[in-house]
J.: 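I am attaching a structure below and will ask some questions about it afterwards.
Just so it is clear, the model here is predicted, and its values are computed rather than measured.
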Amino acid sequence: MAETDQALPPSDQLAAMNLTDTVEKHAFSDRVLIRSIVGRPDGGAGLAGQRVRAGGWVKTGREQGKGTFAFLELNDGSCPANLQVIVDAGLAVLSKLVATGTCVVVDGILKVPPEGTRQKIELRVEKVVSVGEVDPAKYPIPKTKLTLEFLRDHLHLRARTNTIAAIARIRNALAFATHSFFQEHNFLYVHTPILTTSDCEGAGEMFQVTTLISESEKLEKELIKNPPPSEVDIEAARQVVSERGEAVKQLKAAKASKLEITASVAELNKAKENLSKLEERSKLKPGIPKKDGKIDYTQDFFARQAFLTVSGQLQVETYACAVSNVYTFGPTFRAEHSHTSRHLAEFWMVEPEIAFADLQDDMNCAEAYVKYMCNWLLDKCLDDMQFMAKSYDKGCIDRLRMVASIPFVRISYTEAVELLEEAVKGGKKFENEVKWGIDLASEHERYLTEVKFQKPVIVYNYPKGIKAFYMRLNDDLKTVAAMDVLVPKVGELIGGSQREERYEVIRERILEVGLPLEPYEWYLDLRRYGTVEHCGFGLGFERMILFATGIENIRDVIPFPRYPGRADL
């Protein structure tokens, strides 16, 4: 570093370095990321004079100077900003470049545009390397403003729009932040199964996984092509076995040679094998196998009923009870016939588990994690957040700053119900009745966070009747050590609890909620052998993105939404 730089503060040193560095190519592509040009503090002006190769898709294009050159706004998805590219007519057929959606790779020299223009830098093209053409008459994503609902019908192309690309970068940032937070706090990332035989929630709204249907269809086709043997066929085969057996007896009685007897026995065995196959095949029946009038799952792939998981929590607890601090982050599934803007059939959950920890520790971890994610977006994704503020929710950045900087309110469920009852007495109208014992509705949660406190709220100690069996029973025998983190915009963001570590109590709870013990014997073993106080929570990842961006529909914050009637791509 130059001696004059030594006196600069670290932030100014970094800025000085950024403004004089040569723009670098992408590590695995013969081009420069547009972000590395326009995303600099100077907007790229310090790179004037450098030759680069850039590639991207045309957002807007227009021919100028009576067709002598064209302006292209190029974006490669690395940031929300575009790179302005100028192409002379002598380098390419301009009409093939200007259509929205066209993909171009160009070599050129970076130049500072004339004074008064919005751009800080532009690329004067010296060579058009390649063009991926678009027929404007057929391209379904024109440059006109499109509704998010319309884009759901074009999932394979919607990432080319500014909104979906920005959401993708925000989602990526939140995933990175999630791993960074837990890794920094010495959590072990554990991959839990997607296929499971446990129902974590006891709700029964699970997607079943089976090969019985496909196997049954395969068998039906095979039986049509090659019908099962008739009783006449089987009787004929039995007759052959009988005859072969008699032949062996006669040869033995006649003291025939060993060679003759061995050959005859082989014929007998072949006849027996053929009979056995025919008898087995005669038992084949079209349709799903049944036993005692019920589907026979012993014939299924896993020899028992299996489902897509609704949560990795129960499984990840096995690791928490061995290596202390763990988390899982993956897809979960719910076969709920809901068409609301808050429900998906496939969604992602972040589920940490902490050993040697109680409900207080659980709330502390949840609050720290949410704050960490908010700060991460403000630090590393501000350009995309500014786009969301401009286009969808002008308060989204202020909301992130507020959540990141102030302590969350903590109240018991009983106190929350009392506050809601006071609101009703004061004239507030809720669609859902307020009384002790209800599961708080979204409108109740949002009233507490958006109206009463105007900040995130953690509600704890819920009635046991509305919570899962694995949550620790409190001393009052009426409530469990559960907590929900409620935030403005979406309501419940996190649900968690201290887990029931007492063997007799959790065994009784399983029976109390009407679940069979057998599938949970392994879970009970965690309490039988070396039980430990532990807690955990689940964060709905898509809900966090809704909270951050202000987008209204959850179907727009996951790349490939699955909901009743739709599973495109």
Side-chain angles (χ1 to χ4, degrees), residues 199-203 311 313-314 317 320-321 351-367 407-425 430 432-445 447-449 452-453 456-487 491-515 517 520 523-524 526-528 531-539:
D199 181 355
C200 177
E201 304 296 334
S311 168
Q313 180 215 311
L314 299 189
E317 274 189 62
C321 295
E351 298 175 294
E353 286 289 322
I354 319 167
F356 309 101
D358 61 14
L359 185 64
Q360 194 68 33
D361 299 312
D362 206 29
M363 292 190 283
N364 292 343
C365 181
E367 180 170 343
F408 293 7
V409 173
R410 299 188 186 187
I411 57 173
S412 71
Y413 169 88
T414 301
E415 290 170 321
V417 170
E418 287 170 355
L419 289 171
L420 292 168
E421 286 175 336
E422 282 176 23
V424 171
K425 285 176 188 171
F430 293 113
N432 298 275
E433 184 186 5
V434 176
K435 64 178 181 179
W436 199 94
I438 63 158
D439 200 358
L440 297 181
S442 179
E443 60 175 339
H444 302 142
E445 295 166 346
Y447 171 81
L448 292 171
T449 60
K452 179 63 182 175
F453 294 108
V457 179
I458 303 180
V459 179
Y460 60 90
N461 289 347
Y462 280 78
K464 71 174 184 178
I466 59 172
K467 290 295 181 181
F469 70 87
Y470 50 75
M471 299 186 177
R472 195 180 200 277
L473 192 63
N474 288 327
D475 293 341
D476 61 11
L477 304 181
K478 293 192 305 180
T479 61
V480 289
M483 67 90 183
D484 287 345
V485 178
L486 315 178
V487 294
E492 183 190 336
L493 179 64
I494 285 175
S497 72
Q498 184 175 339
R499 314 312 188 190
E500 183 57 77
E501 85 281 9
R502 298 164 294 183
Y503 171 76
E504 291 297 342
V505 179
I506 195 165
R507 186 180 184 279
E508 188 58 39
R509 286 283 289 138
I510 291 172
L511 294 172
E512 191 180 308
V513 298
L515 292 171
L517 285 174
Y520 298 98
Y523 193 64
L524 291 171
L526 302 177
R527 280 75 180 165
R528 285 191 187 101
T531 191
V532 63
E533 184 178 65
H534 62 289
C535 62
F537 62 80
L539 172 135

J.: For the CD1 atom of I354 and the CG atom of D361, what is their distance to the nearest 0.5 Å?
T.: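 Here the interatomic distance stands at 6.5 Å.
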J.: Measuring from E504:CD to E508:CD, what's the distance to the nearest 0.5 Å?
T.: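 If I round to the nearest 0.5 Å, the distance is 8.5 Å.
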J.: With sequence neighbours excluded, tell me which residues meet ring pair (Phe, Tyr, Trp, His ring centres under 6.0 Å) with Y413.
T.: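 Here the qualifying residues are W436, Y462.
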J.: State plainly whether the residues E512 and R509 are in salt-bridge range, i.e. N to O under 4.0 Å.
T.: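 Salt bridge: yes.
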J.: Do F537 and E351 come close enough that some side-chain heavy atom pair is under 4.5 Å?
T.: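 Answer no - side chains too far apart.
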J.: For residues L419 and F453, determine if any side-chain heavy atom of one lies less than 4.5 Å from a side-chain heavy atom of the other.
T.: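 They are in side-chain contact.
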J.: Are any side-chain N or O atoms of E492 and backbone N or O atoms of S442, one a donor and one an acceptor, separated by less than 3.5 Å?
T.: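 Such a contact is absent between E492 side chain and S442 backbone.
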J.: Among all residues two or more places apart in sequence or in another chain, which pass the ring pair (Phe, Tyr, Trp, His ring centres under 6.0 Å) test with Y447?
T.: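 So Y447 forms a ring pair (Phe, Tyr, Trp, His ring centres under 6.0 Å) with F430.
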J.: Could you check N461 against V480 for side-chain contact (heavy atoms from CB on, under 4.5 Å), going step by step and ending with a plain yes or no?
T.: CA-CA 5 Å; N461 289 347; V480 289; over 6 Å; no
J.: Looking at NZ of K425 and CG of L420, how far apart are the two atoms once the value is rounded to the nearest 0.5 Å?
T.: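 Output value for this atom pair is 12.0 Å.
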J.: For the backbone of Q360 and the side chain of D358, can you confirm whether one donor and one acceptor N or O come within less than 3.5 Å of each other?
T.: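 Flag set: sc D358 to bb Q360 pair under 3.5 Å.
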J.: Would you say Q498 and D362 are linked by a side-chain donor-acceptor pair, where the criterion is simply a distance under 3.5 Å?
T.: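 Not at all, the side chains of D362 and Q498 share no donor-acceptor pair under 3.5 Å.
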J.: Could you work out, with salt bridge (Lys or Arg N to Asp or Glu O under 4.0 Å) as the rule, every residue matching E415, not counting sequence neighbours?
T.: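 In terms of salt bridge (Lys or Arg N to Asp or Glu O under 4.0 Å), with neighbours along the sequence ignored, E415 is linked to no residue.
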J.: Is any side-chain heavy atom of L524 closer than 4.5 Å to one of I506?
T.: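 Counting from C-beta outward, I506 and L524 do come under 4.5 Å.
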J.: Between the side chains of R499 and E533, is the shortest nitrogen-to-carboxylate-oxygen separation below 4.0 Å, so that they form an ion pair?
T.: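 Not counted as a salt bridge, because no side-chain N and carboxylate O are separated by less than 4.0 Å.
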J.: Compare all side-chain heavy atoms of R502 with those of L473 and state whether any distance is below 4.5 angstrom.
T.: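 They are in contact (side-chain heavy atoms under 4.5 Å apart), so the answer is yes.
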J.: Locate the shortest heavy-atom distance separating G437 from I466; write the atom from each residue and the value.
T.: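 Heavy atoms of G437 and I466 come nearest at O-CG2, 3.3 Å.
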J.: Could you go step by step and tell me if L517 and I510 meet the side-chain contact (heavy atoms from CB on, under 4.5 Å) rule?
T.: CA-CA 7 Å; L517 285 174; I510 291 172; 3.9 Å; yes
J.: For L359 and A481, which heavy atoms make the closest approach, and how far apart are they?
T.: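 Heavy atoms of L359 and A481 come nearest at CD1-O, 3.3 Å.
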J.: Return the OH to CG distance between Y470 and L314, rounded to the nearest 0.5 Å.
T.: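 The OH atom of Y470 sits 7.0 Å away from the CG atom of L314.
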J.: Hey, does I438 have a side-chain heavy atom less than 4.5 Å from the side chain of N432?
T.: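 Heavy-atom side-chain distance check fails, nothing below 4.5 Å.
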J.: Distance check, rounded to the nearest 0.5 Å: T449 atom OG1 versus L486 atom CG?
T.: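 Those atoms lie 6.5 Å apart.
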J.: Determine whether a donor-acceptor pair (N or O, by modelled atom type, separation under 3.5 Å) exists between the side chain of N474 and the backbone of L477.
T.: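 Here the side-chain-to-backbone pair does not exist.
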J.: Does some side-chain heavy atom of V457 sit less than 4.5 Å from a side-chain heavy atom of F408?
T.: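 No, every pair of side-chain atoms sits at 4.5 Å or beyond.
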J.: With sequence neighbours left out, write down each residue that passes ring pair (Phe, Tyr, Trp, His ring centres under 6.0 Å) with H534, or none if nothing qualifies.
T.: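 Expected list: none.
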J.: Main chain of Y523, side chain of R528: is a donor-acceptor contact present, judged purely on distance under 3.5 Å?
T.: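 Absent.
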J.: With a 4.0 Å cut-off on N to O distance, would you call K467 and D484 a salt bridge?
T.: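 Result for this pair is yes, salt bridge flagged.
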J.: Can you list everything that forms a salt bridge (Lys or Arg N to Asp or Glu O under 4.0 Å) with R527? Sequence neighbours excluded, please.
T.: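 For R527 the salt bridge (Lys or Arg N to Asp or Glu O under 4.0 Å) partners, ignoring immediate neighbours, are E317.
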J.: Examine distances only and state if a side-chain atom of E500 and a backbone atom of R472 form a donor-acceptor pair shorter than 3.5 Å.
T.: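 Checking the backbone N and O of R472 against the side chain of E500, no donor-acceptor pair under 3.5 Å is found.
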J.: Atom NZ in K464, atom CG in D476: separation rounded to 0.5 Å?
T.: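 Between K464 NZ and D476 CG, I get 9.5 Å after rounding to 0.5 Å.
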J.: Taking all non-hydrogen atoms of both residues, which atom of M471 and which atom of S497 are closest, and how far apart?
T.: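 For M471 versus S497, the nearest heavy atoms are CG-OG, 3.3 Å.
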J.: Which residues pass the ring pair (Phe, Tyr, Trp, His ring centres under 6.0 Å) test with F356, not counting sequence neighbours?
T.: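 Result, ring pair (Phe, Tyr, Trp, His ring centres under 6.0 Å) vs F356: none returned.
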J.: V434 versus H444: any side-chain heavy-atom pair under 4.5 Å?
T.: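 Yes, their side chains come closer than 4.5 Å.
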J.: Can you spot which of M483, E367, M363 makes a side chain to side chain contact (heavy atoms under 4.5 Å, CB included) with I494?
T.: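 Single pass found, and it is M483.
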J.: What I'd like to find out is whether the side chain of V409 reaches to under 4.5 Å of the side chain of I458, using heavy atoms alone.
T.: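 A side-chain contact is absent here, since even the closest heavy-atom pair is not under 4.5 Å.
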